[in-house]
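Heads up, the thing below is written out as structure tokens.
Protein chains get the first letters and strands the later ones, always in sequence-line order, with residue 1 at the start of each.
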Protein chains: 2
Amino acid sequence: MTQKHPDRVDESLIALRRILRATELYARDLAQAAGVTPAQLRVLQIVGEKKDPTAKTLATQMGVSQATVTALVDKLVARGLVTRLTSSQDRRQTNITLTHEGEAVLEEAPDALQQRYVRAFADLADWEQAQLVSSLERVAAMLNVDSLDAAPVLATGELRTSKKGY
Amino acid sequence: MTQKHPDRVDESLIALRRILRATELYARDLAQAAGVTPAQLRVLQIVGEKKDPTAKTLATQMGVSQATVTALVDKLVARGLVTRLTSSQDRRQTNITLTHEGEAVLEEAPDALQQRYVRAFADLADWEQAQLVSSLERVAAMLNVDSLDAAPVLATGELRTSKKGY
DNA sequence: TGCCTTACTTAGCTTATCGAAACAATCAGG
DNA sequence: CCTGATTGTTTCGATAAGCTAAGTAAGGCA
């Protein structure tokens, strides 16, 4: 296969692996600092992004079963970070909403990794940014991630797009 | 900083998120097909790469505690996929080695995602490969992943973060 | 020898996750 | 309107992964 640089595949895989590992490891620090677990923080983030999502929405968005979402929401409710509201339109549905405490946690969730990334990204020249975006999107396509409206949040909910300007 | 395309940060974050999610979700399929869990497969992979690593090596490589490694290795030993061998040099150390079954599992572990990626990568033009590698490495650097000899293997349990959930 | 350190395991707990079953509300016919 | 099917959610029971703290065993050293 006309491969002049066979090492490159490995190089790219290694780089990918490093990216994955960075976000994975970071998720723990972040969650610990925020006082919630990674999965719980992920729920908070999605609840923050979407408008009072239902359990089903959360489940599909996170790619887990509804039972798992129920368990996670239970813990967050116990901590007073979210509340459940039965929908008035369809009373089978339950909307998950952030409490003030929940918003506070979300707001204060340290996002050092993402901020570092965002800052570094902002420092790049225009064409470099464009190239990076195109490369990343290409890799995502190569991994064949079919339709998935991923939010601009790194990792499994471990990172947030900082609202404070980058 | 004179940011002409503020959307680009989000675009890159979204692409990253998609990459992370793809590998995370894939890890489960892979592990399920291989008959072991993601974390267990990760152990098998590292044991395969390194030369009969110790528990400590595994722990640092995986970024988990030794106790966790012990539990994981216990399960693999119970399944007959690895064996423990007390080192003859330092009898405090235990080398984890693959059994034939373990090698077989590792060998047969379906790696559709990685193969798809590798194939797509190979199809790229030379300069495109180079650019991709450089972009990925740049991103890894921006995430400030300090020295870490990551192996060229995609998809690792992180996404333990999810466990599922991701 | 005696003590500190290192490597690993054990024990007990929490979280995340699933599948299957239970419940509850809605909707579609007749 | 009843009835049955569908949809949304929770409950239940299990398994896996992870941690910390405490225990055991071996090595190093003075």
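Residue Ala55(B) is in sugar-phosphate contact alone, with no base atom involved, counting any heavy-atom pair closer than 4.0 Å across all strands shown. Within 4.0 Å (heavy atoms only), Gln93(B) reaches sugar-phosphate atoms of the nucleic acid but no base atom.
Between the CG atom of Leu58(A) and the P atom of dT17(C) there is a distance of 12 Å, rounded to whole Å. Between the CD1 atom of Ile96(B) and the P atom of dC8(C) there is a distance of 8 Å, given to the nearest Å. Put simply, CD on Gln66(B) is 14 Å from C1' on dG23(D), counting in whole angstrom units. Regarding Leu41(B), its CG atom lies at a distance of 15 Å from the P atom of dA16(D), rounded to whole Å. For Arg91(B) and dG27(D), the CZ to P distance is 5 Å, given to the nearest whole Å. Regarding Asp52(A), its CG atom lies at a distance of 17 Å from the C1' atom of dT9(D), rounded to whole Å. Taking atom CD on Gln40(A) and atom P on dG18(D), their separation rounds to 17 Å, with Å as the unit.
Contact check for Val47(A) versus Leu76(A): no side-chain heavy atoms found under the 4.5 Å cut-off. Put simply, the side chain of Val133(B) does not reach to within 4.5 Å of the side chain of Gln129(B), judged on heavy atoms. At a threshold of 4.5 Å between non-hydrogen side-chain atoms, the residues Val43(B) and Leu81(B) do not count as touching.
By the 4.0 Å N-to-carboxylate-O rule, Glu128(A) lies close enough to Arg138(B) to be salt-bridged with it.
With distances taken from any side-chain atom of Ala67(A) to the nucleotides dG8(D), dT17(C), dA20(C), the minimum falls on dA20(C). Comparing dA25(C), dT9(D), dC19(D) by their closest approach to the side chain of Asp90(A) singles out dA25(C). Here the side chain of Thr68(B) is nearest to one of dA21(D), dG18(D), dT9(D), namely dG18(D).
Side chains of Thr83(B) and Thr97(B): a donor-acceptor N/O pair is present below 3.5 angstrom, by distance only.
Checked by atom type and distance alone, the side chain of Ser135(A) pairs as donor or acceptor with a backbone atom of Gln131(A) at under 3.5 Å.
Residue side chain Arg92(A) does not reach the base of dT9(D) through any donor-acceptor N/O pair under 3.5 Å, judged by distance alone.
Using a 4.0 Å cut-off, no side-chain N or O of Ser65(B) falls inside it from OP1 or OP2 of dG18(D). Note on Arg42(B): a side-chain N or O is less than 4.0 Å away from OP1 or OP2 of dG18(D).
In terms of the side-chain hydrogen bond (donor to acceptor under 3.5 Å, both in side chains) criterion, Ser134(A) has no residue partners (sequence neighbours excluded).
Heavy-atom distances to DNA chain C give each of Gln89(A) and Arg84(B) a nearest nucleotide, and the one nearer the 5′ end belongs to Arg84(B).
For the contact set between residues 69-80 of chain B and DNA chain D, defined by any heavy atom under 4.0 Å, the members are Leu72(B), Lys75(B), Arg79(B).
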